[in-house]
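Written below as structure tokens is the structure these notes are about.
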Amino acid sequence: MKKLITLVFTMIIALSSVCYANEAKEQVSIVYFNGSNLNKNDVNKIIYKPVLDMLSSRFNVIEDSVHKDKLVAQGLSDIASIDKSDLLNTFKDDQQTSYIVLIQIDPCLGPKNMAGNLKIVDLKQQNYLFNGRILRDTTWGSPYAVLKKIAKENESIIQEKLINI
């Protein structure tokens with residue numbers, strides 16, 4: 001009986017520490033626009049899923065359709081045209097989110113050219129950690145090869161600017 005009580009107590013302590021660890025993580029909202037004319041499931045698997053997994057290791061991640069809908073309602077559906085003041089205004093009532101990651105994949109520019117946009121905003125400091133357009137091409141591969149290059153670039157930037165801070 002004593003071993004059972006000790007086991008139950010140990011499990012309660014372990015579970016409470018896991019719950020506390022999740023609460024202690026900062027929150028990141030991901031706003032994702034997939035404008036690609038490629039298979040949406042493939043694009044999401046190549047671009048969005050790895051970023052989601054990467055950020056989930058360090059942050060509480062929100063797949064943020066609420067703020068995306070607010071941006072779209074304001075006529076802001078192209079990340080390149082969304083500026084910091086638009087984002088700060090849209091997130092002004094959100095006290096939980098520390099960072100915003102905006103990812104956009106544009107339609108193919110040709111069979112071997114593609115572009116995307118990536119913005120990372122620190123809401124506490126109200127500044128960009130990254131704001132840029134990623135244009136990639138390939139001489140040997142398909143649009144999916146180009147998409148994988150953009151994905152690796154996104155992951156590298158997010159690792160440097162957000163995970164390693």
Side-chain angles (χ1 to χ4, degrees), residues 25-139 141-165:
K25 289 181 176 181
E26 291 181 290
Q27 182 168 299
V28 172
S29 290
I30 300 178
V31 178
Y32 176 59
F33 292 91
N34 181 357
S36 170
N37 48 355
L38 300 173
N39 179 292
K40 302 294 184 197
N41 290 332
D42 290 342
V43 175
N44 293 346
K45 187 178 0 175
I46 293 168
I47 295 291
Y48 186 64
K49 179 86 169 85
V51 168
L52 187 64
D53 291 344
M54 176 191 306
L55 289 171
S56 294
S57 69
R58 182 164 187 263
F59 299 98
N60 288 331
V61 178
I62 304 299
E63 298 177 62
D64 201 340
S65 61
V66 172
H67 288 101
K68 178 181 179 179
D69 292 344
K70 287 181 181 180
L71 290 167
V72 170
Q74 298 172 54
L76 301 169
S77 59
D78 179 13
I79 289 178
S81 67
I82 299 172
D83 65 27
K84 184 173 59 175
S85 64
D86 295 324
L87 294 169
L88 295 176
N89 185 48
T90 301
F91 280 81
K92 69 183 175 199
D93 296 328
D94 185 340
Q95 300 301 312
Q96 286 82 30
T97 300
S98 299
Y99 303 98
I100 311 165
V101 175
L102 293 100
I103 302 170
Q104 178 174 307
I105 298 301
D106 295 333
C108 293
L109 303 171
K112 298 182 180 194
N113 298 294
M114 191 172 295
N117 292 287
L118 176 65
K119 292 186 182 199
I120 305 170
V121 178
D122 181 336
L123 287 175
K124 294 177 290 184
Q125 300 298 318
Q126 298 188 351
N127 65 349
Y128 284 116
L129 298 178
F130 184 83
N131 180 12
R133 182 164 173 83
I134 301 167
L135 178 62
R136 294 291 174 261
D137 61 10
T138 186
T139 56
S142 71
Y144 290 100
V146 181
L147 194 62
K148 288 177 183 177
K149 286 183 175 184
I150 292 173
K152 291 295 180 200
E153 185 78 15
N154 282 346
E155 293 166 31
S156 175
I157 292 166
I158 290 168
Q159 182 72 39
E160 177 188 338
K161 302 291 184 180
L162 198 54
I163 302 291
N164 292 343
I165 60 172

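The shown structure was predicted, so the numbers you read here are calculated from the model rather than taken from an experiment.
- Annotation: ring-ring contact (aromatic ring centres under 6.0 Å, His included) contacts involving residues 112-131, sequence neighbours excluded, are absent.
- For D106, the salt bridge (charged side-chain N to carboxylate O under 4.0 Å, His left out) partners at least two apart in sequence or on another chain are R133.
- By the side chain to side chain contact (heavy atoms under 4.5 Å, CB included) test, D53 is found to be paired with K49, residues two or more places apart in sequence or in another chain being considered.
- Put simply, CG on D86 and CD1 on I79 are 12.5 Å apart, with the number rounded to the nearest 0.5 Å.
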(request) Start with the C-alpha gap between Q27 and T97, add the side-chain angles, then the distance that decides, and say whether side chain to side chain donor-acceptor pair (under 3.5 Å) holds. (result) CA-CA 5 Å; Q27 182 168 299; T97 300; 3.0 Å; yes
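- Classified by interplanar angle (parallel below 30°, tilted 30° to 60°, perpendicular above 60°), the ring pair F59/Y99 is perpendicular.
- Other residues, nucleotides and ligands contribute only 12 or fewer heavy atoms inside 6.0 Å of the NZ atom of K161.
- Applying the side-chain hydrogen bond (donor to acceptor under 3.5 Å, both in side chains) test to Q159 and every residue at least two apart in sequence or in another chain returns N164.
- Contacts of N34 classified as side chain to side chain contact (heavy atoms under 4.5 Å, CB included), with partners at least two apart in sequence or in another chain: Y32, S36, K40, V43, N44, I105.
- In plain terms, the two heavy atoms of M114 and L38 that are nearest each other are CE-CD1, 3.4 Å.
- Taking CD1 of I103 as the reference point, atom CG of L118 lies at 6.0 Å (rounded to 0.5 Å).
- Atom OG of S85 and atom NZ of K92 lie 11.5 Å apart (nearest 0.5 Å).
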(request) Take D94 and V66, measure what side-chain contact (heavy atoms from CB on, under 4.5 Å) needs, and give me the verdict at the end. (result) CA-CA 11 Å; D94 185 340; V66 172; over 6 Å; no
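- A distance of 7.5 Å separates CG of L135 from CD1 of I150, quoted to the nearest 0.5 Å.
- Applying the salt bridge (charged side-chain N to carboxylate O under 4.0 Å, His left out) criterion to E153, with sequence neighbours excluded, gives R136.
- In this structure, M54 and I163 approach most closely via the heavy-atom pair O-CD1, 3.8 Å.
- Across P143 and C108, no two heavy atoms sit closer than the pair CB-SG, 4.1 Å.
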